[in-house]
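Take a look at the structure set out below.
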Amino acid sequence: PALGLFLFTIARDPLRIIILIAGAFFWLVSLLLSSLIWFIAVKASDPQDEPLQKGLLIFGVMFSVLLQEAFRFLYYKLLRKAIEGLVALSEDGCSPISIQQMAYVAGVGFGLMSGAFSMINLLADALGPGTVGIHGDSQLYFLTSAFMTMVLIFLHTFWGILFFHGCEHRRWWEITAVVVMHLAVSGSTFCNPFYVGSLVPSYLLMAAAAAWAYSLSGGSTQNLRRFFLCKS
């Protein structure tokens, strides 16, 4: 599904590709900084203290979420400046891409890079040693991880739309809602290997975020009806 989003809505437009790659880069920098801080914290602590190490892991995840959203805000500011430059360079005084479209493409960029790193981690685990479920654990590790990766890609897309809309209209509660949803989804992964505890809430939040983003983008039930009935 994520590849379909890229191929049908982004791949044919060079400007959108540039925005997507830049968004992926911003997410990558946020991950690098949060990983560096978590690595320093782990090295500076007692590796034999399991409660402390678990606490550091929780801290690392929560800090990474906050840093990702901070970089999303920085990227919004950068794109806002880019729109002003595009308007100044255009002959008709109009930007070739709207802030809503930028929000969507930036969200896809964040999501695709997040999904790529999740896939790399899964491939590293697949190399071994051992077999999934050999000690009585769930054998659905790779399948559920694939579904979790997909929902995170879509969530980042919807969060990008909601976040940019909140910044545009000074609706700080929308930005807060994005941060809270991001923290909730990331925190739910600590329920694993009880995968129902992470997948079900994440997909419910995705459905809510999708409906919200669709509404803010100007969507309506009439448009949905026309889409499903293949009417122009």
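In this structure, I153 and G111 approach most closely via the heavy-atom pair CG1-O, 3.2 Å. In terms of heavy atoms, V196 sits closest to P201 at O-CD, 3.5 Å. In this structure, A41 and L56 approach most closely via the heavy-atom pair O-CD1, 3.8 Å. The nearest pair of heavy atoms linking S198 to S202 is O-OG, 2.6 Å. Here the closest heavy-atom approach between residue D46 and residue L52 is recorded as N-CD2, 4.2 Å. Considering every non-hydrogen atom in both S30 and Q68, the closest pair reads OG-CG, 3.5 Å.
Taking the six-membered ring for Trp and thresholds of 30 and 60 degrees, H169 and H165 have ring planes inclined between 30 and 60 degrees apart. Classified by interplanar angle (parallel below 30°, tilted 30° to 60°, perpendicular above 60°), the ring pair Y141/Y195 is tilted. Ring geometry, Y76 versus F164: the interplanar angle exceeds 60°, so the pair is classed perpendicular (tilted spans 30 to 60°).
The OH atom of Y104 sits 15.5 Å away from atom CD1 of I99, with the distance rounded to the nearest 0.5 Å. For the atom pair CG (L183) and OG (S64), the distance works out to 10.5 Å, reported to the nearest 0.5 Å. Distance check, rounded to the nearest 0.5 Å: CD1 of I83 to CG of L78 gives 10.5 Å. In this structure, CZ in R16 is found 14.5 Å from CD1 in I21, a value given to the nearest 0.5 Å. Going from atom CG of L122 over to atom CG of L127 covers 11.0 Å, rounded to the nearest 0.5 Å. In this structure, the separation between CE on M150 and CG on L155 is 10.5 Å, given to the nearest 0.5 Å.
Under the 3.5 Å distance criterion, the side-chain polar atoms of T144 are matched with a main-chain donor or acceptor of L140. In terms of modelled atom types and a separation under 3.5 Å, the side chain of Q101 and the main chain of S98 share a donor-acceptor contact.
The hydrophobic cluster containing L205 does not contain F194, counting ILVMFWY residues as joined when their side-chain heavy atoms lie under 4.5 angstrom apart, directly or transitively. L33 and I58 fall into different hydrophobic clusters, where Ile, Leu, Val, Met, Phe, Trp and Tyr are joined by side-chain heavy atoms under 4.5 Å apart, directly or via other members. The hydrophobic clustering, which links ILVMFWY residues whose side-chain heavy atoms are closer than 4.5 Å, places M113 and L3 together. Both L143 and M206 are part of a single hydrophobic cluster, where members link through side-chain heavy atoms under 4.5 Å apart. There is no path of hydrophobic side-chain contacts, each under 4.5 Å, that joins M62 to I40.
With contacts defined as side-chain heavy-atom distances shorter than 4.5 Å, the pair E174/L216 qualifies. Here the side chains of Y75 and I19 are in contact, with some heavy-atom distance below 4.5 Å. The side-chain heavy atoms of S118 and M148, taken from C-beta on, include no pair separated by under 4.5 Å. For the pair L7/R12, no side-chain contact is recorded, criterion being any heavy-atom separation below 4.5 Å from C-beta on. Within the 4.5 Å cutoff, side-chain heavy atoms of I10 are placed close to those of I17. Here the side chains of F6 and L20 are in contact, with some heavy-atom distance below 4.5 Å. Side-chain atoms of V185 and V151, non-hydrogen and from C-beta on, never get closer than 4.5 Å to each other. Using a 4.5 Å cut-off on side-chain heavy atoms (C-beta onward), T149 and M119 make no contact.
Looking only at atom types and distance, the side chain of Y214 has no donor-acceptor partner in the side chain of S220 under 3.5 Å away.
In this structure, R72 is positioned above the aromatic face of F110, its NZ or CZ under 6.0 Å from the six-membered ring centre and within 45° of the axis.
For F142, the CZ atom is densely surrounded, since the number of other residues' heavy atoms within 6.0 Å is greater than 12. Surrounding CZ of F190 are more than 12 heavy atoms belonging to other residues, nucleotides or ligands, all under 6.0 Å away.
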Steps toward side-chain contact (heavy atoms from CB on, under 4.5 Å) verdict (R80, K77): CA-CA 5 Å; R80 244 311 155 210; K77 288 292 188 180; 5.6 Å; no
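In this structure, W27 has its ring center closer than 6.0 angstrom to the ring center of F117.
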